[in-house]
Amino acid sequence: MKGERLFRSLRLWSGVTLFVYVFSHLLNHAFGLISLQAMETALGYFAAVWRSIPGAIVLYGALLLHLSLVLWSLYRRRTLKLSRSEIVQVSMGTLIVPLGVSHVIGTSGARAFAGVDPSYGYVLLSIWSGGLKEILIQFAFVIVVWVHGCLGLHLLWRLHPTYHRWRDLAFAVALLLPVLALIAFFQRGPEIMMLAAQDANWVAALRAKTHFPSNAVAAQFFAAMNWTLFGYVVVLGGVFAARIGRDVIERRGALVRLSYPNRRAAQGPTGPSILEFSRLAGIPHASVCGGRGRCSTCRVRIGRGIDLLEAASPAEQRVLARIGAPDNVRLACQVHPQPGDYDITPLLAAGAVAQEALAQAAHHHGQEREIAVLFADIRGFTSLAEHRLPYDTVFVLNRYFRAVGEAIEAAGGHVDKFIGDGVMALFGLKGDPAAACRMALDAARRMAIAIDALNESLSGDLEVPLRIGIGLHAGVAIVGELGYGASRSLTAIGDSVNTASRLETMTKDFACELVVSDDLAQLAMIDLSTWPAHEISVRGRTTALTVRAIEDAALLPAPVKTGKTAAIAAQ
Ligand code: FES
């Protein structure tokens, strides 16, 4: 895995070096918008960096390294079924050598082996005298190199929040720079051709000054270009031949068999990652970062076969920890299964985007947490609604929802849902259970106070004041995003949720406003012994549950903040 990290960083830094070179080169071209002389002056600075010995070592070292690593990664890829952006990226990359060979040999090669001075006058005259074909090749070369570089950086940075802040500016620069460079190219090229046609002495002076290659030397350049192209095709063909040979050898070994939901399956020899198996079998599988192990969108739950897998690398472990993944969840792009049978469930929809992967990632596949749960509803709401117009009922209900919703949120809770005239809220989705329990008690207190205030403001409208019943309990629940489509939301399920709901209905039996379990009070470290205790039986518990019946929740102790810690103190 260390080798893999080194491979990626070498590929990244060689690519970034080449991008910086191309950026400065196009910037140099853009000076042609001012004049040919401005281009030549800027070329002096450009050449001082890139044509110096250290600059040339860095540049050509990066070029060779990047090309070799790209060919190696082409060999290692188990499938050539790529995402759309990868197709553009790879195809642009493979076109760079055939399109750029004449430019590189005609400038850097000519300088190194024939002492030519590749000034803008020399380059523009060479290209524009080559006719439309040569002009179009150079035009395509600029576009292909630039798109390849920009797309590479975009794929690399798109998961960084900082990039999203600068993306529009980066896009504007990415669009503007090649456009300005090409406008300069199409302005200065015809200008040079006109000068050459009008003034033979000017051409002779330029040829002499730049050591313009003779026809014999130019023929050698063409031969070098053809050999380079031939060599490139042979190497590229060799990579594909090596891929085929490898696949034939591997097919003779034992097979990996993967079963996906809906009876889909993939199988083959060892080597590919689970993500590559999905792609080979045509099974849609999210992979925002393109299999680089950074986005987590490819994550899968593994059932049968999990024991056969190698442990996650530190890099994979870091990503899994970031999303709070349980032990049976792995990144499909990082796991290369051994022969055997595996049950695989991709956890994100195939069209998942980066933001979806990062947002509340832990909740996508469910998580056990110790939380506090609150249920509340209006006592006697049915008879209250019977005597009112529908509009009035909705008006009163919305005032009530607002009052209790604000109270819950002010205490630090999460309003899970409103059901009829009831409300369910969760505390402790983040943070420790003790703080969650204190928040839940504070929410109950605030709700009672808010209902008193609401009754006062609606005193002219209501025949009888609103009364609510609240149930509070704490325990382990499964927290996750449940639902379908737009109705999908974060919620909790489990016995502790059912118990909290049951305590809320018991407020009728005990004729009180709040029933709270001693479990919650003890976790919160709040003494509720002044209120009467009752033992109740709860489904799923072998022992009775002790609860407190509190007639007026507004009398609960209010929290006192000391620094960052909230403690409850008696009023
Ligand atoms: S595809 Fe991004 S982590 Fe696997």
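As the structure lists them, so they are numbered: ligands from 1, and atoms in each ligand from 1. Residues take their numbers from the sequence shown, with the count starting at 1.
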Cation over ring face, Arg246 and Tyr75, 6.0 Å, 45°: yes
Nearest heavy atoms of Glu316 and Leu331, plus distance in Å: OE2-N, 3.1 Å
cation_pi(Arg438, Phe427) dist<6.0 Å, angle<=45: no
Partner of His25 by ring-ring contact (aromatic ring centres under 6.0 Å, His included), out of Phe46, Tyr45, Phe31: Phe46
If only protein N, O or S atoms under 2.8 Å count, total around atom 4 (Fe) of ligand 1: 2
Salt-bridge criterion met for Glu86 and Arg279 (N-O under 4.0 Å): yes
Parallel, tilted or perpendicular: ring planes of Phe19 versus Trp146, cut at 30 and 60 degrees: parallel
